[in-house]
K.L.:
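The structure that follows is given in the form of structure tokens.
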Amino acid sequence: MNETIHGILKIWLSGGLVLIPLFGLALLLYGQSLHLILHMRRQQIDTSSQKHWREWVRKPETAKGRIGEIIAYTQDGVTCMDQVRNRFAEIRLALLAMIERRTTFLGTLVAAAPLLGLLGTVMGMLQTFFGISTSGGSETAGVVASGISEALVTTQAGLMVALPGLFLVMLIHRQRQNLDATITRLESLTLSQLRFDSEAPTAVAGLERAA
């Protein structure tokens with residue numbers, strides 16, 4: 001176990017100073033990703049009761065759970081469709097705006113990881129060329145090996161940080177789309193019910209006049 005840790009530490013140190021900010025970037029990226037995923041799990045709306053949504057929209061007092069809270073809020077005291085749309089816009093702002101900002105931030109971190117690796121690669125190659133031009137004899141091989149090692153390790157580290165981070169961002173984006181689609185479906189059902197309720201008295205009055 002100690003030998004494994006020593007080997008990892010040796011490889012890490014061979015990457016030079018660039019691996020220090022890259023390590024900090026990795027901690028920030030994966031820490032923020034985990035926090036956002038847990039937050040989205042708490043905000044997630046249960047869709048297993050979709051077959052009851054139309055009935056719940058028609059009778060808000062029978063709605064249950066998180067869906068019931070949204071239905072009650074979007075129908076309480078509304079008199080027109082614009083008010084319903086405004087209520088759903090508030091819900092989207094409350095649930096999705098923070099997720100969108102954090103996802104953009106995570107995407108920036110993912111893009112920065114390979115760039116830091118590239119910076120380490122350039123610094124390693126510069127060290128290699130500087131060693132070739134200033135040293136001689138047996139020292140040249142050691143300087144060249146050290147520079148190439150730094151160049152390759154930083155590139156590998158940047159990619160190893162960025163690739164899993166990219167999949168995490170895609171997962172978060174997918175969950176955000178599912179949450180937005182759920183809210184959109186609920187908004188559509190609510191607007192349809194409000195339209196039906198507003199047109200029903202007119203239809204009844206027309207039938208009465210015809211009779």
Side-chain angles (χ1 to χ4, degrees), residues 1-50 53 64-71 73-74 87-125 149-188:
M1 184 65 179
N2 292 332
E3 293 181 359
T4 303
I5 296 176
H6 179 72
I8 294 174
L9 183 61
K10 183 178 180 181
I11 294 174
W12 184 265
L13 292 176
S14 68
L17 295 177
V18 174
L19 286 185
I20 297 176
L22 189 58
F23 179 72
L25 185 147
L27 289 179
L28 183 61
L29 172 60
Y30 294 119
Q32 290 291 322
S33 298
L34 180 60
H35 181 270
L36 186 55
I37 289 175
L38 293 176
H39 171 76
M40 292 183 67
R41 284 186 178 276
R42 292 192 297 267
Q43 298 294 332
Q44 201 67 35
I45 298 174
D46 183 17
T47 57
S48 61
S49 59
Q50 285 194 46
W53 287 6
K64 303 176 182 178
R66 191 74 179 279
I67 292 292
E69 296 175 2
I70 295 176
I71 292 174
Y73 176 71
T74 54
R87 296 282 178 90
F88 275 101
E90 292 175 10
I91 291 174
R92 284 192 177 89
L93 185 63
L95 296 181
L96 301 179
M98 187 275 285
I99 297 174
E100 188 67 32
R101 290 194 302 270
R102 297 278 288 276
T103 303
T104 302
F105 177 63
L106 292 176
T108 303
L109 294 179
V110 169
L115 293 179
L116 275 176
L118 181 61
L119 175 62
T121 301
V122 173
M123 292 176 62
M125 296 308 297
S149 175
E150 179 178 341
L152 295 179
V153 167
T154 52
T155 302
Q156 181 185 31
L159 293 176
M160 289 180 66
V161 170
L163 290 177
L166 179 61
F167 287 111
L168 284 175
V169 171
M170 291 175 60
L171 175 63
I172 292 170
H173 185 65
R174 181 182 180 86
Q175 291 183 357
R176 181 211 172 273
Q177 286 182 323
N178 291 338
L179 182 58
D180 190 19
T182 300
I183 296 173
T184 300
R185 171 167 167 73
L186 196 57
E187 180 181 9
S188 177

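No experiment lies behind these values; they were computed from the predicted model shown. Quick note: numbers below take in every heavy atom, side chains included, and nothing from hydrogens, waters or symmetry partners.
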K.L.:
NE2/His35 to NE2/His39 distance, rounded to the nearest 0.5 angstrom?
P.N.:
8.0 Å

K.L.:
List the steps and the verdict of side-chain contact (heavy atoms from CB on, under 4.5 Å) for Arg92 and Thr184.
P.N.:
CA-CA 9 Å; Arg92 284 192 177 89; Thr184 300; 2.9 Å; yes

K.L.:
Identify each donor-acceptor pair in which a side-chain atom of residues 16-33 lies under 3.5 Å from a protein atom, sequence neighbours left out, and give them as a table.
P.N.:
from: Tyr30; atom 1: OH; to: Val161; atom 2: O; distance (Å): 2.6
from: Gln32; atom 1: OE1; to: Arg102; atom 2: NE; distance (Å): 3.1
from: Gln32; atom 1: OE1; to: Arg102; atom 2: NH2; distance (Å): 3.0
from: Ser33; atom 1: OG; to: Leu29; atom 2: O; distance (Å): 2.7

K.L.:
What distance do Gln175 atom CD and Ile172 atom CD1 have between them, rounded to the nearest 0.5 Å?
P.N.:
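Reported to 0.5 Å precision, the distance equals 7.5 Å.
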
K.L.:
If you round to the nearest 0.5 Å, how far is OG1 of Thr104 from NE2 of His173?
P.N.:
10.0 Å

K.L.:
Is there a side-chain contact between Arg87 and Ile91, using heavy atoms and a 4.5 Å cut-off?
P.N.:
no

K.L.:
Any side-chain heavy atom of Leu106 sitting closer than 4.5 Å to one from Leu168?
P.N.:
no

K.L.:
How far does OG1 of Thr155 sit from CG of Leu119, to the nearest 0.5 angstrom?
P.N.:
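Separation between the atoms: 10.0 Å.
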
K.L.:
Hey, could you give me the CG/CE distance between Leu36 and Met98, rounded to the nearest 0.5 Å?
P.N.:
6.0 Å

K.L.:
Could you tell me if the side chain of Thr154 sits less than 4.5 Å from the side chain of Leu116, heavy atoms only?
P.N.:
no

K.L.:
For Glu100, is there any backbone N or O sitting under 3.5 Å from a side-chain donor or acceptor partner on Arg176?
P.N.:
no

K.L.:
If I take atom CD from residue Gln156 and atom OG1 from residue Thr121, how far apart are they, to the nearest 0.5 angstrom?
P.N.:
11.0 Å

K.L.:
If you define the side chain from C-beta out and look only at heavy atoms, does anything of Ile70 sit under 4.5 Å from Phe88?
P.N.:
yes

